[in-house]
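Counting convention: from 1, in listed order, for ligands and their atoms alike. For reference, positions follow the sequence shown, starting with 1.
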Amino acid sequence: MPHQFDYLIIGSGIAGLSYATKLARHYDEKGQTIRIGVITKVQADETNTKYAQGGIAGVWSPDDTFEKHIDDTMVAGDFLSDRHIVEIVVREAPERIQELIDYGTRFDKEADGDYDLAKEGGHSDKRILHFKDVTGAEIERALLSEVARHKTIEIFTHYFAVDLITRHHLGETVHRYDANNECFGAYVLDTNTGKVDRFLARTTMVATGGIGQVYTNTTNPVIATGDGIAMTYRSKGICKDMEFIQFHPTALYEPGKKPNFLISEAVRGFGGILKNIKGETFMENYDPRLSLAPRDIVARAIDSEMKKSGSQHVYIDVTHLDYDKFIEHFPNITAYCKDKLGIDIRKDFIPVVPAQHYMCGGVRVDEFGRTNIHHLYAVGECACTGLHGANRLASNSLLEAIVFGHRAFEKSIESFDQTSLRDDIPAWDDSGTTHPEELVLVTEIKRELEAIMSNYVGIVRSNRRLKRAMDRLELLYIEHEELYRQSKVSVPITELRNMIEVAYLVIKAAMSRRDNRGLHFNIDNVK
Ligand code: FAD
Ligand code: SIN
């Protein structure tokens, strides 16, 4: 028998959990019994959300204004952001952040009881609420404890969504721009039993996070394999802005370590200064905003300094800052530097390198998180709402997730009565497949994929590099598809399939863009 839900949510980060919580509260208040299923491919808190350091942006201080936050977001996005969406997100921010506080999220306060607002690159004012340097872990904790209060929500840990169920599975041919495609839930692998079940739902949400694992250097945890984007694309969903990959300028330089530990941008907001391998400042040669210029500019400047000197990293210097205050604000960063690399931040510079950090594009959605497929929503990092344009402003992504989680909630309760569960969805068919004997092939293809993306589709691109990337990717695609078709479904094979598809979307979008905007910089576009 298939599992049946009113709402199925794929992902237990800030996007999925904030939506689930809102639904549960709403129906509890109405006294209506419904079933909400949240699936997550490992344990519930293993998400990008948990690793967020800097904080969540929102106009909070009386000196700040919505207009300034809107302008900062537009400037960071190189004016490719959708202004209407930017206005929605910025203006709804205080109410949504207050809800996080009401769920029990702690943000640091000053001695007078006001919130201690931090500043990050591209922000013209202090507006980042944070909990030390572990804000994401605190938000995830609060949301999970709120979720636990609601019996209507069932969390399925170690369940892996393989494919969305759409009209295609009823034997119909659906094209990408057809208006009548519908989603009926997902095929989901129980990773403990190896069995694929139907998880049927009236409404489905993809909240699967980012794509970082496609690159060799990334701040993203291992779950970030772009599954939701690839699944939706395979189901004929539309993706947008996939060329805009954000590289965080300052991941800790720790060769061979994946994911890379992050040195938060808030460290520069606190007074940390970027220096090159010779210990000289260099940002004055690139941007008047110096170490706090938007990320695309800082990452390119670092890339250029590393290329000029042949070095593997640059530094952040915090030796001049008040140590006691620093450690109070950044206990996790200070401890990590000391324990893992023996760096004493009172006298040593911190070695840093840019690393893939965030996917600005994703599944195209409207102002309520709706995709082009009926009854399918996408929210959080996997979605492209139009907020980020060509480059995301720091600390705007946690914010986007709660604003769109709320908007998706409002729209999906409105259409509840117009949806129903199907009883004619075929069971998963894996006849003719076997358990693959050589998983080494998967590891090898993955390694090649990471190298292609890192070498040819990184911070600085060229037509030649992009073509090379596409040609090489095609070979990997053919090799992997053959393996996939012959094999019983498993997490590594399916994740790799998703990563190849996402890489294809990134390269295709990068090849199509003829101008340099925000995070997309192609030397052949320089006039
Ligand atoms: P996630 O939190 O990544 O959750 C994804 C969920 O989907 C997980 O539960 C995962 O298991 C599940 N999933 C994925 N695929 C499948 C599948 N096939 N089947 C089942 N489940 C699946 N942003 C800010 O605004 N401020 C910050 O300070 C900040 N700092 C950051 C620091 C780091 C180190 C990183 C990596 C990111 C940071 N970001 C920050 C970005 C931000 O954390 C993410 O964009 C945001 O948390 C994404 O939330 P999400 O709910 O969309 O996805
Ligand atoms: C950071 O703390 O530097 C990350 C902030 C973000 O990605 O928004």
Side-chain angles (χ1 to χ4, degrees), residues 8-19 38-58 118 120-123 128-131 133-137 139-140 143 155-164 186-189 191 199 205-213 218-231 246 248-252 259-269 295 330 333 355-360 362 378-383 388 392-402 404-405 491 494-495 498:
L8 173 66
I9 301 160
I10 308 173
S12 58
I14 187 170
L17 295 184
S18 59
Y19 176 70
V38 177
I39 64 168
T40 170
K41 61 179 164 177
V42 281
Q43 63 274 26
D45 71 345
E46 187 54 12
T47 58
N48 277 284
T49 301
K50 175 176 149 185
Y51 296 96
Q53 293 186 354
I56 184 162
E120 290 179 350
H123 288 274
I128 320 290
L129 287 106
H130 64 96
F131 180 68
D133 52 358
V134 287
T135 310
I139 292 175
E140 184 74 19
L143 281 171
I155 297 204
F156 294 81
T157 57
H158 301 276
Y159 277 73
F160 179 86
V162 178
D163 262 320
L164 297 171
Y187 287 111
V188 178
L189 172 72
T191 64
F199 277 51
M205 170 177 282
V206 175
T208 48
I211 67 150
Q213 290 295 317
T218 179
T219 61
N220 292 188
V222 290
I223 54 107
T225 51
D227 299 346
I229 297 176
M231 278 190 289
Q246 185 168 76
H248 197 292
T250 58
L252 185 64
N260 299 65
F261 182 78
L262 184 70
I263 304 297
S264 174
E265 191 151 307
V267 169
R268 281 173 280 135
R295 284 189 188 163
F330 304 108
I333 291 175
Q356 191 286 347
H357 183 62
Y358 186 81
M359 163 45 91
C360 293
V379 173
E381 188 165 341
C382 66
H388 308 306
R392 175 178 66 99
L393 182 65
S395 290
N396 261 359
S397 50
L398 294 173
L399 174 62
E400 181 192 41
I402 50 171
F404 275 84
V491 174
T494 314
E495 280 186 339
N498 293 335

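- Contacts of Asp227 with ligand 1, taken as heavy-atom pairs under 4.0 Å, involve the side chain alone.
- Residue contacts with ligand 1, taken as heavy atom pairs separated by less than 4.0 Å, involve Glu381 via backbone and side-chain atoms alike.
- The part of Leu262 lying near ligand 1 is the side chain, judged by heavy-atom distances below 4.0 Å.
- Looking at His357, Glu265, Arg268 one by one, the single match for side-chain contact (heavy atoms from CB on, under 4.5 Å) with Thr250 turns out to be Arg268.
- In this view, Glu381 satisfies the salt bridge (Lys or Arg N to Asp or Glu O under 4.0 Å) rule with no residue, not counting sequence neighbours.
- Distances from atom 28 (O) of ligand 1 to the heavy atoms of Ala401, Gly11, Ala230, Gly54 show the closest one on Gly54.
- The closest approach between a heavy atom of Gly55 and any atom of ligand 1 is below 4.0 Å.
- The proximity of Asn396 to ligand 2, defined as any non-hydrogen pair under 4.0 Å, does not occur for either the backbone or the side chain.
- Those atoms of ligand 2 with a heavy atom of Ala394 less than 4.0 angstrom away are 8 (O).
- Residue, atom and distance of the protein heavy atom nearest to atom 2 (O) of ligand 2 are Ser264 OG, 2.7 Å.
- At a heavy-atom distance under 4.0 Å, no atom of His130 approaches ligand 1.
- Nearest to atom 4 (C) of ligand 2 among the protein's heavy atoms is Arg295 NH2, 3.5 Å.
- Among Thr191, Thr208, Thr40, Leu399, the residue whose heavy atom lies closest to atom 5 (C) of ligand 1 is Thr208.
- By the salt bridge (Lys or Arg N to Asp or Glu O under 4.0 Å) test, Arg392 pairs with no residue at all, sequence neighbours left out.
- Of the N or O atoms in Leu393, none lie within a sub-3.5 Å distance of an N or O in ligand 2.
- Close approach to His248 involves these atoms of ligand 2, each under 4.0 Å from a residue heavy atom: 1 (C), 3 (O), 4 (C).
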